[in-house]
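Here the structure is laid out as structure tokens; the discussion comes afterwards.
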Amino acid sequence: MPVKIILPYTQINNYLYYYRAGPKIPKGHARVFWGLDETDYTGVAVVGLGKSNLGINVLEEIHEGKESVRAAAAAGCRALNALEIKDIKLEPLGDAEAAAEGAGLCTWYYQGLRSKQKRETLPQVSLYGEEGQEEWQRGIIKATAQNWARQLADTPANLMTPTIFAKEVSSTLAELGIDVKVHDKEWAEQKKMGSFLSVSRGSCEPPKFLEISYKGADNEPPIAFVGKGVTFDAGGISIKPSSDMDEMRADMSGAACVAASIKAAAELKLKVNIIGLVPLTENLPSGSATKPGDLVIAMNGKSIIVDNTDAEGRLILADALCYAHEFKPKFILDIATLTGAMRITLAGAATGVFSNNAELFETLKKAGTDSGDRVWRFPLWQCYTDEVTKKVKAADVNNVAKCKGGGSCTAAAFLREFAGNDVPWMHLDIAGVMGPGNDELPYIPSGMTGRPTRTLIQFLQLLSCAC
């Protein structure tokens, strides 16, 4: 029989529940009891929600009530799963959508090609009762989308090449009626995407360029989402240290978030139009790889000195940002695991954001407050642009700055040269929240996180409501 997760015992009028619960259950913790409801359920997990009626904490920039529900739902599901209980009924806990997010995220993790003998049966979680069905479904859609991003990011690089990624995304999104075009190397050459193609030279895997089109609104210019799709990043000739290089299988997390958020937009039937642009390549060293000091030409004609081949994400995004302008978008948003400096600055607490439009950022900030996956704005000051332009003598721009510090800011300044100033633009640096094993969000297990997929979905929802 399934097990039901209920509200904290302090909120239950049934004296039997109160009597057996014992000491107060701390926030985000769970306790499992047996024999409380012998008719329908073998056991009950009681969870701690903490203080009631919590809202937005302005200083923390987070909705504490929703986060408490996500954490409590996850704690209850984990407690039951640890006891080999796989059929779980979950009460709304005051916010069915947040409960579904917490439960949906905590009960999934990447198992890959693990043998059948060692594969864990993941629990099935459903809503208890009829209250909050619509909200529950929204939460499940968001959690499932993020789990897909986690799967794409955690899959080993030999099983998630540019070609395989393109096929996986195409087949999944096609089932939802989303149009996906997979462009090849010859197409990129015709578009004069010299910056993008320079990164792919060191690999025998052919580059791909995904063009995803979701149409949820009539006669509206699209939003352009651009996602970094480096399916493995060894650094090229500027090779990375071997320690933790395996994590670079997830250097396409930006691409995964773009695909996952568009998938959720379709399932939620959001009234927005989205163009998703995903340049896909590996970045490897070889005799044909781009060398430090080489010069390449981007789609907009700007020349780039590549002083560091490990600063490759900005090179593939440069051409994708240029191409985005052909769709005459409302605004452009790019998302990338771009700089180690961002991981040092924010760790896994938030996504770093750079934008030339304050109103656009405030909408994204609100989305992060609601989703529990926060964002934090950084400056796009001229001094950072000067570091990658004025100090360059042999080209228009350098792919790395010569100054010490400010690595995330100078990387954003580089991208600004290709995003332009005539269209609102946001750059999301997700290097810190990529994973693996961050403990910042208690409802996401170890492994790659798929963050900030739910923030992007919430952002699209806010835009859809504003239309």
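Note: hydrogens, waters and symmetry copies are ignored here, and every other heavy atom, side chains too, is used.
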Would you mind reporting whether V353 and W376 have side-chain heavy atoms less than 4.5 Å apart?
-> no

Pair K66 + E101: basic N to acidic O under 4.0 Å = no

Decide, yes or no, whether a salt bridge links K86 with E120 under the criterion of side-chain N to carboxylate O below 4.0 Å.
-> yes

Inspect the contact between E134 and R138 and indicate whether a charged nitrogen and a carboxylate oxygen are less than 4.0 angstrom apart.
-> yes

Using atom types as modelled and distance alone, determine if a side-chain donor or acceptor of S238 lies under 3.5 Å from a backbone N or O of N308.
-> no

Side chain to side chain contact (heavy atoms under 4.5 Å, CB included) evaluation trace for M434 with R451 | CA-CA 6 Å; M434 174 189 84; R451 296 171 62 191; over 6 Å; no

How far does OH of Y214 sit from CG of L460, to the nearest 0.5 angstrom?
-> 9.0 Å

Judged by atom type as modelled, is there a donor-acceptor pair below 3.5 Å linking the side chain of E282 to the main-chain atoms of V230?
-> no

Would D310 and K240 count as a side chain to side chain contact (heavy atoms under 4.5 Å, CB included) if you check the C-alpha gap in whole Å, the side-chain angles of each, and the deciding distance to 0.1 Å?
-> CA-CA 8 Å; D310 192 26; K240 294 177 179 290; 3.1 Å; yes

What one should report as the nearest heavy-atom pair of I275 and P222 is CG1-CB, 3.8 Å

Backbone of T351 reached by a side-chain donor or acceptor of R374 within 3.5 Å = no

Begin from the C-alpha positions of Q111 and L122 and carry the test side chain to side chain contact (heavy atoms under 4.5 Å, CB included) through to its verdict.
-> CA-CA 10 Å; Q111 298 190 77; L122 300 178; 3.9 Å; yes

So does E312 pair up with K228, basic N to acidic O under 4.0 Å?
-> yes

Grab the two heavy atoms, one from I430 and one from G254, that are nearest each other, plus how far apart they are.
-> CD1-N, 3.8 Å

OG1 (T281) and CG (D233) are apart, to the nearest 0.5 Å, by 10.0 Å

Any side-chain donor paired with an acceptor under 3.5 Å for E131 and W136?
-> no

Side-chain donor-acceptor contact under 3.5 Å, S464 with K271 | no

Are any of the side-chain heavy atoms of F378 and M342 separated by less than 4.5 Å?
-> yes

Test item: side-chain donor near acceptor, H63 and D370, under 3.5 Å | no

Separation between CD1 (I457) and NZ (K263), nearest 0.5 Å, reads 8.5 Å

With side chain to side chain contact (heavy atoms under 4.5 Å, CB included) as the test, would you mind laying out the steps for L54 and S68 before giving the verdict?
-> CA-CA 9 Å; L54 290 175; S68 295; 4.0 Å; yes

Name the orientation class of the two ring planes belonging to F209 and Y323 (parallel below 30°, tilted from 30 to 60°, perpendicular beyond 60°).
-> perpendicular

How long is the gap from OG on S371 to CG on L364, to the nearest 0.5 Å?
-> 8.5 Å

Residues R249 and D154 bridged, charged N to O under 4.0 Å = yes

Does a donor on one side chain sit under 3.5 Å from an acceptor on the other, for T453 and S261?
-> no

Can you list the steps and then say if S253 with T337 is a side-chain hydrogen bond (donor to acceptor under 3.5 Å, both in side chains)?
-> CA-CA 7 Å; S253 291; T337 49; 5.7 Å; no

State, with a plain yes or no, whether a side-chain heavy atom of S408 is found less than 4.5 Å away from one of F354.
-> yes

Min side-chain heavy-atom separation W34-L83 under 4.5 Å | yes

Out of curiosity, T107 OG1 to N81 CG, how far, rounded to the nearest 0.5 Å?
-> 8.0 Å

Taking every heavy atom of V69 against every heavy atom of L93, the minimum-distance pair comes out as CG2-O, 3.4 Å

Does a side-chain heavy-atom distance below 4.5 Å link F459 with L333?
-> yes

Does CD belonging to E60 count more than 12 external heavy atoms closer than 6.0 Å?
-> yes

What is the minimum heavy-atom distance between I332 and V226, and which atoms define it?
-> CG2-CG2, 4.2 Å

Hey, are K51 and E64 close enough for a salt bridge, meaning a charged N less than 4.0 Å from a carboxylate O?
-> no

Check: A347 main-chain N/O paired with R343 side-chain donor or acceptor under 3.5 Å = no

Please report the closest heavy-atom contact between F361 and S355, naming both atoms and the distance.
-> CB-CB, 4.4 Å

Can you find a heavy atom in the side chain of M160 that is under 4.5 Å from one in the side chain of F232?
-> no

Within-4.5 Å side-chain heavy-atom neighbours: T144 and W108 = no

Would you please indicate yes or no on a ring centroid separation below 6.0 angstrom for F414 and Y384?
-> no

Begin from the C-alpha positions of E168 and W148 and carry the test side-chain hydrogen bond (donor to acceptor under 3.5 Å, both in side chains) through to its verdict.
-> CA-CA 11 Å; E168 168 78 9; W148 186 39; 3.2 Å; yes

Distance col, row I262:CD1 vs T172:OG1, nearest 0.5 angstrom, shows 12.5 Å

Judged by modelled atom types alone, do K366 and Q458 share a side-chain donor-acceptor pair under 3.5 Å?
-> no

Are the side chains of V375 and T369 in touch, meaning some heavy atoms are under 4.5 Å apart?
-> no

Heavy-atom donor-acceptor pair, R454 side chain to G139 backbone, under 3.5 Å | no

A157 backbone acceptor or donor facing T161 side chain under 3.5 Å = no

Measure across L338 and A411 and return the closest heavy-atom pair with its distance rounded to 0.1 Å.
-> CD2-CB, 3.7 Å

Side chains of R150 and N147, donor plus acceptor under 3.5 Å = yes

Taking S213 for the side chain and D179 for the main chain, is one N or O donor matched with an acceptor at less than 3.5 Å?
-> no

Ignoring hydrogens and angles, tell me if any N or O in the side chain of D251 forms a donor-acceptor pair with the backbone of G229 under 3.5 Å.
-> no

Would you find a donor on one side and an acceptor on the other, under 3.5 Å apart, between the side chain of T410 and the backbone of A401?
-> no

